[in-house]
Amino acid sequence: MYLVTMLGNLLIILAVSSDSHLHTPMYFFLSNLSLADIGFSTTTIPKMLVNIQTHSKSITYAGCLTQVSFFFLFGCLDNLLLAVMAYDRFVAICHPLKYSVIMNPFLCGLLVLMSFFGSLLDSQIHFLMVSQLTFCTEVEIHHFFCDSLQLFHLACSDTSIHTILMYFIVTIFGGVPLSGIFCSYTRIVSSILRVPSTCGKYKAFSTCGSHLSVVFLFYGTALGVYLSSAVSHSPRKGAVTSVMYALVVPMLNPFIYSLRNGDVKRAVQRLLNRSV
């Protein structure tokens with residue numbers, strides 16, 4: 001599954017960069033999303049695979065802090081890029097005549113940079129919170145990676161302030177982009193409903209189908225983890241759900257975009273033909 005994730009997302013990046021027909025804002029954001037997915041999976045899965053092969057389920061303190069930092073960096077980047085892509089679809093459908101003017105290369109690059117620096121800020125806040133915790137000599141994490149919420153439960157020091165701060169940060173960096181996606185699609189649906197022909201409505205909404213599928217997958221599984229951890233104290237259920245958004249969702253993203261998008265399929269086909 002990890003190899004499929006890597007190959008699928010690398011194919012998307014190579015197809016977009018090599019095909020001039022895909023040098024548009026939508027595919028520029030898609031290639032950055034694929035890059036974030038590669039980083040997101042690589043943060044946790046290789047370490048898990050090494051542990052399985054060596055039968056050693058251990059990680060150093062420095063390694064745990066590094067994993068927390070990169071996990072939230074790429075996870076938040078995924079989150080913000082999905083919001084940026086929703087804005088791109090909003091401009092394309094609601095303001096088609098102004099699309100090339102609004103979504104110019106400068107704004108596209110700025111949106112990606114802002115997403116990256118916002119994600120970096122989020123990851124460093126989590127890094128600082130976890131680094132201030134004190135632990136007993138023997139700590140067993142009931143997870144396949146170092147999750148800050150799990151570490152808060154295992155700390156010997158008082159973590160009430162850290163937990164409140166963490167939920168506040170999750171609300172800001174998760175809730176605000178999700179609200180942006182919701183507002184964008186509210187305007188998109190309103191605009192599509194005003195299209196007179198059924199064919200026109202289908203064509204307009206089909207450009208959003210892939211993005212909506214990824215949004216439901218990512219947010220559905222991520223919210224499931226945090227809500228289940230708040231309601232239930234079963235570490236096993238949280239770990240199983242985490243596998244969904246840490247591995248399955250990044251693996252499915254390339255398939256969702258390639259299977260539902262003729263331009264991407266043709267670009268990937270041309271890329272494979274050239275390599276053969």
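For this chain, numbers begin at 1 and follow the sequence in order. Just so it is clear, the values below take in all heavy atoms, side chains as well, and ignore hydrogens, waters and symmetry mates.
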Report task. Could you tell me whether a side-chain N or O of Ser191 sits under 3.5 Å from a main-chain N or O of Arg187, the two making a donor and an acceptor? Result -> no

Report summary line: Rounding to 0.5 Å, atoms OG (Ser34) and OH (Tyr27) come to a distance of 12.5 Å

Requested in this report: Treat each ILVMFWY residue as a node, draw an edge where side-chain heavy atoms are under 4.5 Å apart, and state whether Leu30 and Phe255 are in one component.
Outcome: yes

Query raised in the report: Say you draw a straight line from CD of Gln132 to CD1 of Ile161; how long is it, rounded to the nearest 0.5 Å?
Result: 10.0 Å

Report task. Under the ring-ring contact (aromatic ring centres under 6.0 Å, His included) rule, what do Phe40 and Phe71 come out as? Steps first, then yes or no, please. Result -> CA-CA 6 Å; Phe40 191 49; Phe71 178 80; 5.2 Å; yes

Query raised in the report: Any side-chain heavy atom of Ile45 sitting closer than 4.5 Å to one from Phe145?
Result: no

Query raised in the report: Any donor-acceptor pair under 3.5 Å linking the side chain of Ser190 with the backbone of Thr186?
Result: no

**Report entry** Donor-acceptor pair, side chain of Asn104 and main chain of Ile102, under 3.5 angstrom
**Finding:** yes

Requested in this report: Please state whether the rings of Phe90 and Tyr87 are parallel, tilted or perpendicular, taking 30° and 60° as the class boundaries.
Outcome: tilted

Query raised in the report: Is the shortest heavy-atom distance from the side chain of Tyr185 to the side chain of His211 under 4.5 Å?
Result: yes

Query raised in the report: If Ile, Leu, Val, Met, Phe, Trp and Tyr residues are connected whenever their side-chain heavy atoms lie under 4.5 Å apart, and connections chain through other members, are Ile38 and Val50 in the same group?
Result: no

Query raised in the report: Are Leu113 and Leu120 joined in one hydrophobic group, where the rule is that I, L, V, M, F, W and Y side chains link up if heavy atoms are under 4.5 Å apart?
Result: yes

Query raised in the report: Is there a donor-acceptor pair under 3.5 Å between the side chain of Ser119 and the backbone N or O of Leu77?
Result: yes

Report task. Using the test ring-ring contact (aromatic ring centres under 6.0 Å, His included), find all partners of His23 that sit at least two apart in sequence or belong to another chain. Result -> none

Query raised in the report: Do Lys57 and Glu140 have side-chain heavy atoms sitting under 4.5 Å apart?
Result: no

Query raised in the report: Do any N or O atoms from the side chain of Asn9 and from the backbone of Met6 form a donor-acceptor pair under 3.5 angstrom?
Result: no

Query raised in the report: Do the non-hydrogen side-chain atoms of Val112 and Val84 ever get within less than 4.5 Å of each other?
Result: no

**Report entry** Spacing of CE belonging to Met103 relative to NE2 belonging to His95, to within rounding of 0.5 Å
**Finding:** 12.0 Å

**Report entry** Phe173 backbone acceptor or donor facing Asn79 side chain under 3.5 Å
**Finding:** yes

Query raised in the report: Taking a hydrophobic cluster as the set of Ile, Leu, Val, Met, Phe, Trp and Tyr residues connected by side-chain heavy atoms closer than 4.5 Å, whether directly or through intermediates, do Met166 and Leu80 fall within one such cluster?
Result: no

Report task. For the pair Asp122 (side chain) and Gly118 (backbone), establish whether a donor and an acceptor sit closer than 3.5 Å, ignoring hydrogens and angles. Result -> no

Query - From Met129 atom CE to Leu165 atom CG, the distance as rounded to the nearest 0.5 Å - result: 5.0 Å

Query raised in the report: Got a second to check how far Ser148's OG is from Ile125's CD1, nearest 0.5 Å?
Result: 11.5 Å

Query raised in the report: What is the ring orientation for Phe72 with His126, classed by angle as parallel under 30°, tilted 30 to 60°, or perpendicular over 60°?
Result: parallel

Query raised in the report: Quick one: do Val176 and Ile169 end up in the same hydrophobic cluster if we chain Ile, Leu, Val, Met, Phe, Trp and Tyr together by side-chain heavy atoms under 4.5 Å apart?
Result: no

**Report entry** side chain to side chain contact (heavy atoms under 4.5 Å, CB included) evaluation trace for Val249 with Asn253
**Finding:** CA-CA 6 Å; Val249 174; Asn253 284 358; 3.8 Å; yes

Query - 4.5 Å side-chain heavy-atom contact, Phe127 and Ser123 - result: no

Report summary line: The disulfide bond (SG atoms under 2.5 Å apart) partners of Cys146 (sequence neighbours excluded) come to Cys64

Query raised in the report: Roughly how far, to the nearest 0.5 Å, is OG of Ser69 from CZ of Phe74?
Result: 9.5 Å

